[in-house]
Amino acid sequence: MITAREATLDRLVVQGSIGSVVIDKRKYKLVAYFSDQMHSSGQKAAKVIGCKTTTVPAGNDFRLTKQALEQAVAKNREQDLIPFFVCGTFGTTNTTAIDDLPGIADVAQKESLWYHVDATYAGSALTCPEFRPLAAGSERADSFNFNPHKWVLTNFDCLALWVADSTHLVNALSIHREYYPKAEGDTAFLPLGRRFRSLKLWFAMRMYGAEGIRKHIRDDVMQAKWLANQLVADGRFELIVPVVFGLVVFRIKPKALSDPSKVSHANTALIKAINDNGRVLLIGTKLNGNEVLRAAVGSTFGTQKNAHLLFVILKEQAAKAIIAPE
Ligand SMILES: *Cc1c(COP(=O)(O)O)cnc(C)c1O
């Protein structure tokens, strides 16, 4: 976001829209755009760099749409603010929704916004060719990240960031000092006491190979789909969104309860019962005000046995939650 900010302000100076002396003041007019399904790290980054944010409501299927973004940008322009950054998500944290990436690219291009694609979780699936069409539009991003620690068998933490044009990043973050090595651009990437994260990823790649990584992803997606099918077949659960990657978002359905208005209570009780039980960890979320459960398949040594165990525990605890939803 710092790079986006500097690139925007540099451009405005070059265009003569603002003079360099007023840059500092204009900084407070910069606005970044996120959907309401965007991970909290976006808001946190905005706090760190001190810019405004506009949260754009996602559509019914939890995707950020082109139209909603356009409207938000137009409104802020009327308020004399400076839109400078938009983040599209490939696989949101709540539901693995995929924003309208080509539509966001159109708006970013038209409005001169820096376009970042957050593919932190689902980006790993792009190692498999069959998932790549889902990310259409992300090739138009200015920057793209995914976290190998989420799903590429790499220990926490490791984030891979790609930028389309590294000159902005180098310009934004380079500070030259005599005691630094001379190579151009190095200072932008030089925290001196740096951890060597790429080595972990290199080992994972050498150990599993491209095919091993793809197999891991595909096995996990199969297990997630298996679990989803079992839940639906059981009759007491409903899926909130279709399973695309390794995340199953579901809940006890209102019809399974004698009092359907108690559905959020029952699902809160179910999450608590499962986690108190201690054999699996399940983290829920709220979608449109409703409590839902999220089962993520993706650990390094997870197998079909784990998915099976989860289903057994879910059935056993759901029975209790349905009888006593309070
Ligand atoms: C997990 C996640 C993040 C944050 O990743 P960290 O592992 O905490 O660095 C950001 N965005 C999305 C979409 C995520 O799923």
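Side chains included, hydrogens not; waters and symmetry mates left out as well; all remaining heavy atoms used. Whatever order the structure lists them in is the order used to number ligands and atoms, beginning at 1.
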* To do: List the steps, then state whether ring pair (Phe, Tyr, Trp, His ring centres under 6.0 Å) holds for Tyr208 with Phe203.
  => CA-CA 8 Å; Tyr208 294 94; Phe203 274 120; over 10 Å; no
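Ligand 1 places these atoms under 4.0 Å from at least one heavy atom of Thr93: 12 (C), 13 (C), 14 (C), 15 (O). Heavy-atom contacts of Thr120 reach the following atoms of ligand 1: 1 (C), 2 (C), 3 (C), 5 (O), 10 (C), 11 (N), 12 (C), 14 (C) (cutoff under 4.0 Å). Listed by number with element, the atoms of ligand 1 under 4.0 angstrom from any heavy atom of Tyr121 are 15 (O). Interface atoms of ligand 1 facing Gly91, defined by a heavy-atom separation under 4.0 Å, are 13 (C).
Between Leu287 and Thr285, the closest side-chain pair of non-hydrogen atoms falls below 4.5 Å. Looking only at side-chain heavy atoms (C-beta outward), Thr3 and Phe85 stay at 4.5 Å or farther from each other.
Side-chain contact, Gln109 with Asp106: no donor N or O sits under 3.5 Å from an acceptor N or O. Of the N and O atoms on the side chains of Thr53 and Gln43, at least one donor lies less than 3.5 Å from an acceptor on the other residue.
Looking from atom 15 (O) of ligand 1 to the surrounding protein, the closest heavy atom is Lys150 NZ, 2.9 Å. In this structure, the protein non-hydrogen atom closest to atom 7 (O) of ligand 1 is His149 NE2, 2.7 Å. Of all protein heavy atoms, the one lying nearest to atom 9 (O) of ligand 1 is Asn147 ND2, 3.1 Å. In this structure, atom 11 (N) of ligand 1 lies nearest to the protein heavy atom Asp118 OD2, 2.7 Å.
When distances from atom 5 (O) of ligand 1 to the protein are checked, a heavy atom turns up under 4.0 Å.
In this structure, Arg294 contributes its side chain and Thr93 its backbone to a donor-acceptor pair below 3.5 Å.
Under the 30°/60° scheme for interplanar angles, the aromatic rings of Tyr121 and Trp151 are found to lie parallel.
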